[in-house]
Protein chains: 2
Amino acid sequence: MNNNSGFIEKLRSSGLRPTKQRLEICKLLFDRKKTFHFTIGDLSKILKKETNKKISLATIYNTVHSFKKKGYLKEISVDREKSYFDTNTSNHHHFLDISTNELIDLKEEDVDNIKIKKSLPGKKIKSIEVLVKIENNN
Amino acid sequence: MNNNSGFIEKLRSSGLRPTKQRLEICKLLFDRKKTFHFTIGDLSKILKKETNKKISLATIYNTVHSFKKKGYLKEISVDREKSYFDTNTSNHHHFLDISTNELIDLKEEDVDNIKIKKSLPGKKIKSIEVLVKIENNN
DNA sequence: CACTACTTTAGAATCATTATAAATTGCATG
DNA sequence: CATGCAATTTATAATGATTCTAAAGTAGTG
């Protein structure tokens, strides 16, 4: 379980100053047992509700982007108008529930190892991302 | 090889009036041997260059969206700020070249059949999309 | 032709995101 | 613990892509 001084360490070690705002966001994002999927809009609303201090929207954008750059968040783009951030940065894939717009983690072992049989000269594979769209069954 | 009257038929049969603008866009998009990947911005630029008639931006948006709805185009969202349309609407996956921002088709047989070992009650799988990010090999 | 519904259009409106520049804060140093 | 400086935050403005609007144009039907 991460505590405040854990977050301070985490931030410092990646060259980010542990400011009030970043710590607040850390607590909200990383102090959980389960993976958390959110859009910037979501995060902004939650911060407004759960916190008495006001964090400016620009700071929320900045923080999420620097957390992403430092590898603390992963971005999953599901369509033109919706991009989620994922606190689970391990190698894994996703269900997207079309009926509810909810993103759900697939563990690495939930998806058979994927073999790509084509390669391009001078290029190497950086990542493989699978998005499985699901919908109601009726 | 599709000709103009082929496009007229195609449009009519899906309840779209074959207007000058739509035919122009059809010719540009579908009168090719190879799959074509484009953003709306790309398409707009190409139309401006290749055509003497001016097609308004709103019409380009409308047309691409109705072609997508009719199943003539597939949309591939690669990140928050970039969404491609693909004239290849068959079941297939993609390479995204991070170095050039180019999208490249993978044929269905280029990717081993993907087995999802998890299922959610009341939900069924609608589609499986694989995006393989590649980069220069140096 | 004439009518009607569909389509196109230019420009305005909207929305999310990014840029700006001033105020504030963290922290190393003395 | 005061000082200085760079990093950070902030409110607000700017941007840019997409959508909306409502007026003008066009296709297809009878």
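Convention: sequence-line order gives letters A, B, ...; per-chain numbering from 1.
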- Message: Rounded to whole Å, please give me the gap between CD1 in A:Ile60 and C1' in D:dA11.
- Response: 14 Å
- Testing B:Val132, B:Asp86, B:Val130 for side-chain contact (heavy atoms from CB on, under 4.5 Å) with B:His94, which one passes? B:Asp86
- Query: Do any side-chain nitrogens or oxygens of B:His65 fall under 4.0 Å of OP1 or OP2 in D:dT19?
  - Reply: yes
- Respond yes when some side-chain nitrogen or oxygen of B:Tyr61 is under 4.0 Å from OP1 or OP2 of D:dT19, and no when none is. no
- Message: Looking at every non-hydrogen atom in both residues, tell me the closest pair between B:Ser66 and B:Leu16 and how far apart they are.
- Response: CB-CD2, 4.3 Å
- pair B:Phe36-B:Asn88: side-chain heavy atoms closer than 4.5 Å: no
- Double-helix bend of the helix from C:dC1-D:dG30 to C:dG30-D:dC1, axes at both ends from 5 pairs, round to 10°, gives 30°
- Pairs involving residues 12-23 of chain A, ordered by first then second residue, that meet side-chain hydrogen bond (donor to acceptor under 3.5 Å, both in side chains) (sequence neighbours left out): A:Ser14-A:Tyr72
- With no hydrogens and no angle check, do the side chains of B:Asp105 and B:His37 hold a donor and an acceptor under 3.5 Å apart? yes
- When all nucleic acid strands are considered with a 4.0 Å heavy-atom cut-off, which category describes B:Lys54: base, sugar-phosphate, or nothing? sugar-phosphate
- Message: With a 6.0 Å cut-off (strictly less than), is the heavy-atom count around NZ of B:Lys54, excluding the residue itself, greater than 12?
- Response: no
- Note on the structure: Min and max contacting nt of DNA chain C in 5' to 3' order, chain B heavy atoms within under 4.0 angstrom, are C:dA5 to C:dT18
- Message: Would you say that more than 12 heavy atoms from the other residues, nucleotides or ligands in this model lie under 6.0 Å from the NZ of B:Lys118, or not?
- Response: yes
- Message: Less than 4.5 Å apart, side chain to side chain, heavy atoms only: is that true for B:Phe85 and B:Ile40?
- Response: yes
- Item | Distance-only polar pair, side chains of B:Ser77 and A:Ser77, donor-acceptor under 3.5 Å | yes
- Rounded to the nearest Å, what distance is computed from the CG atom of residue A:Leu57 to the P atom of nucleotide D:dT8? 18 Å
- So B:Phe30 and B:Phe7, would you call those rings parallel, tilted or perpendicular, with 30° and 60° as cut-offs? tilted
- Query: Tell me, do A:Lys123 and B:Asn137 make a side-chain contact under 4.5 Å, heavy atoms counted?
  - Reply: no
- Item | Pairing residues for B:Lys68 by the side-chain hydrogen bond (donor to acceptor under 3.5 Å, both in side chains) criterion, not counting sequence neighbours | B:Glu75
- Query: Once you round it to whole Å, what is the distance between P of D:dT10 and CG of A:Asn62?
  - Reply: 10 Å
- Heavy atom of residues 36-44 of chain B under 4.0 Å from DNA chain D: which residues? none
What pairs of nitrogen or oxygen atoms, one from the protein and one from nucleotides 24-28 of chain D, lie under 3.5 Å apart?
| residue | atom | partner | partner atom | Å |
| --- | --- | --- | --- | --- |
| D:dA27 | N3 | B:Arg17 | NH1 | 3.3 |
| D:dG28 | OP1 | B:Arg12 | NE | 3.1 |
| D:dG28 | OP1 | B:Arg12 | NH2 | 3.0 |

- Check the angle between the aromatic planes of A:Tyr61 and A:His65 and answer parallel, tilted or perpendicular using the 30° and 60° thresholds. tilted
